[in-house]
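Below you'll find the structure, written out as structure tokens, and then a few comments.
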Amino acid sequence: MKIAVAAASGELGRLVMAELLNRMPAGDLVAVVRSPDKVADLAARGVEVRRGDYSEPASLDGALEGIDRLLLISSSEVGIRVAQHGNVVDAAKRAGVSLIAYTSLLHADTSPMGHAPEHFATEELIRASGLPYAMLRHTYYMENYTGRIPAALESGVLLGSAGDGRISAATRADLALAAAIVLTGEASGNSVYELAGDECFTLSEFAAELGRQTGREIIYRNIPEADYAAALEAAGLPTFLAEMLAESDAGMAEDGLFDDSHQLSTLIGRPTTGMVESVEKFLSL
Ligand SMILES: NC(=O)c1ccc[n+]([C@@H]2O[C@H](COP(=O)([O-])OP(=O)(O)OC[C@H]3O[C@@H](n4cnc5c(N)ncnc54)[C@H](OP(=O)(O)O)[C@@H]3O)[C@@H](O)[C@H]2O)c1
């Protein structure tokens, strides 16, 4: 069985490839990337590297030839992703893959998060293709929150617009393990997995835990979405990214990333990596 991971050069893709390499011969794995040079290390381990750009349909036919199962990792090019993903789905259909797994968004059909429509539209394209599918609906990565630690430590303030929203984040590593398990598991018909951490936290709780672990006073200051976007922009982020991050916080305030179904821990067979452990790990680096 040949398994391909599309966007294997990204942070999640690399972790999925590592999990797959623990389970399968490298020769049965294909890394689909737009810049093969970026994954020379995978080629050196025996993984077949094929060039495939989500924006170039012709490149995707060659990339997916002979593939049985495909992980379509969502593109990072927000705004044009539905068309890009549609190109991959069309090529997967032409290639006759027996499973397409897609990294969607938690509760994509009902989510208040700004990214939800792009993910749900992609899910709809996959359903319309008639290909057997697994929707891997991802919560936000824990790394999105630990990434906020340096600024919080510098100022003593964790800024955000997420209010008291409950956030069931999960590490990329746990989500990558889940993807590898689905890709290598028994065929189980069409499935939708809501993949989130076992425990949730608010940004106030995150700030308090950071304070506890560093012995410093770190407070969470909730501000309106527009003010948070302006603060991120003032800190040097491009306008579109600042607005996107602030919009995400506003979605979190509506519990957009809350889930208590424990489907991720059920799938990976152990509790998910929690916020306390993730903060500890970040501070130890
Ligand atoms: N759940 C979350 O919290 C969260 C957070 C951030 C992102 N995401 C989504 O999850 C995806 C994976 O996350 P990540 O952390 O691995 O992101 P990442 O490290 O930024 O990787 C993005 C991947 O997408 C590839 N890509 C972008 N445009 C492409 C195109 N036109 N054709 C082929 N590949 C293309 C990139 O290829 P290159 O290496 O060539 O650039 C890279 O491999 C992201 O792309 C994004 O959709 C989710």
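What you see below is based on every heavy atom in this structure, not just the backbone, and it leaves out hydrogens, waters and symmetry mates. All ligand and atom numbering here is 1-based and tracks the order in the structure.
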> Would you say R14 touches ligand 1, if touching means a heavy atom closer than 4.0 Å?
Replying inline: no
> Which residue owns the protein heavy atom closest to atom 40 (O) of ligand 1, what's the atom, and how far is it?
Replying inline: R34 NE, 2.8 Å
> For ligand 1, which atoms, with element, lie under 4.0 Å from some heavy atom of K38?
Replying inline: 38 (P), 39 (O), 40 (O), 41 (O)
> Hey, which of E123, H119, R137 is the one that makes side-chain hydrogen bond (donor to acceptor under 3.5 Å, both in side chains) with Y102?
Replying inline: H119
> Any donor and acceptor pair, going by atom type alone, linking the side chain of R148 with main-chain N or O of L159 inside 3.5 Å?
Replying inline: yes
> Where do L60 and A91 come nearest, in terms of heavy atoms and distance?
Replying inline: CB-CB, 3.6 Å
> Which one holds for E77 and ligand 1: side chain close, backbone close, both close, or neither close, with close meaning a heavy atom under 4.0 Å?
Replying inline: side chain
> For atom 4 (C) of ligand 1, what is the nearest protein heavy atom, given as residue, atom name and distance?
Replying inline: Y141 CE1, 3.2 Å
> Is it true that atom CG of N190 has more than 12 heavy atoms of other residues, nucleotides or ligands lying nearer than 6.0 Å?
Replying inline: yes
> Quick check: does T103 get an N/O under 3.5 Å from an N/O on ligand 1?
Replying inline: no
>> Regarding ligand 1, does H119 bring an N or O atom to under 3.5 Å of one of the ligand's N or O atoms?
In response: no
>> Taking atom CD as the centre, does Q213 end up with more than 12 heavy-atom neighbours from other residues, nucleotides or ligands that are less than 6.0 angstrom away?
In response: yes
> Would one find more than 12 heavy atoms of other residues, nucleotides or ligands at under 6.0 Å from atom CD of E209?
Replying inline: yes
> Is it true that E56 lies under 4.0 Å from ligand 1, counting heavy atoms only?
Replying inline: no
>> I'd like to know whether ligand 1 has N144 as a neighbour, heavy-atom separation below 4.0 Å.
In response: yes
>> Going by side-chain hydrogen bond (donor to acceptor under 3.5 Å, both in side chains), S265 matches just one of D174, D198, T273. Which one?
In response: D198
> Can you tell which of S76, A31, G13 gets a heavy atom nearest to atom 20 (O) of ligand 1?
Replying inline: S76
>> Check this for me - ligand 1, T139, N or O atoms closer than 3.5 angstrom, yes or no?
In response: yes
>> Quick check on contacts: which atoms of ligand 1 are under 4.0 angstrom from a heavy atom of R81?
In response: 46 (C), 47 (O)
>> Is it the case that the side chain of R50 and the backbone of A63 share a donor-acceptor pair, with hydrogens and angles ignored and the cut-off at 3.5 Å?
In response: yes
> Is it true that a side-chain atom of Q263 and a backbone atom of E194 form a donor plus acceptor pair closer than 3.5 Å?
Replying inline: yes
>> Please list, in number order, the atoms of ligand 1 under 4.0 Å from a heavy atom of A7.
In response: 23 (C), 24 (O), 25 (C), 43 (O)
> Is there any N or O on Y140 that sits under 3.5 Å from an N or O of ligand 1?
Replying inline: no
>> The criterion is side chain to side chain contact (heavy atoms under 4.5 Å, CB included); which residues satisfy it with I219, sequence neighbours excluded?
In response: V157, E217, R221
>> Within ligand 1, which atoms have a heavy atom of L12 less than 4.0 Å away?
In response: 14 (P), 16 (O)
> Among the heavy atoms of V32, does any lie under 4.0 Å from an atom of ligand 1?
Replying inline: no
> Below 4.0 Å from any atom of ligand 1, is there a heavy atom belonging to D53?
Replying inline: yes
> Which is closest to atom 43 (O) of ligand 1 by heavy-atom distance: A63, S55, S9?
Replying inline: S9
>> Can you tell me which residue among F258, Y145, Y220 is in a ring-ring contact (aromatic ring centres under 6.0 Å, His included) with F201?
In response: Y145
> Backbone N or O of G163 within a donor-acceptor pair of the N222 side chain at under 3.5 Å?
Replying inline: yes
> Does ligand 1 have an atom under 4.0 Å from some heavy atom of G52?
Replying inline: yes
>> Only heavy atoms of G10, strictly under 4.0 Å: list the atoms of ligand 1 that pass.
In response: 16 (O), 19 (O), 21 (O), 42 (C), 43 (O)
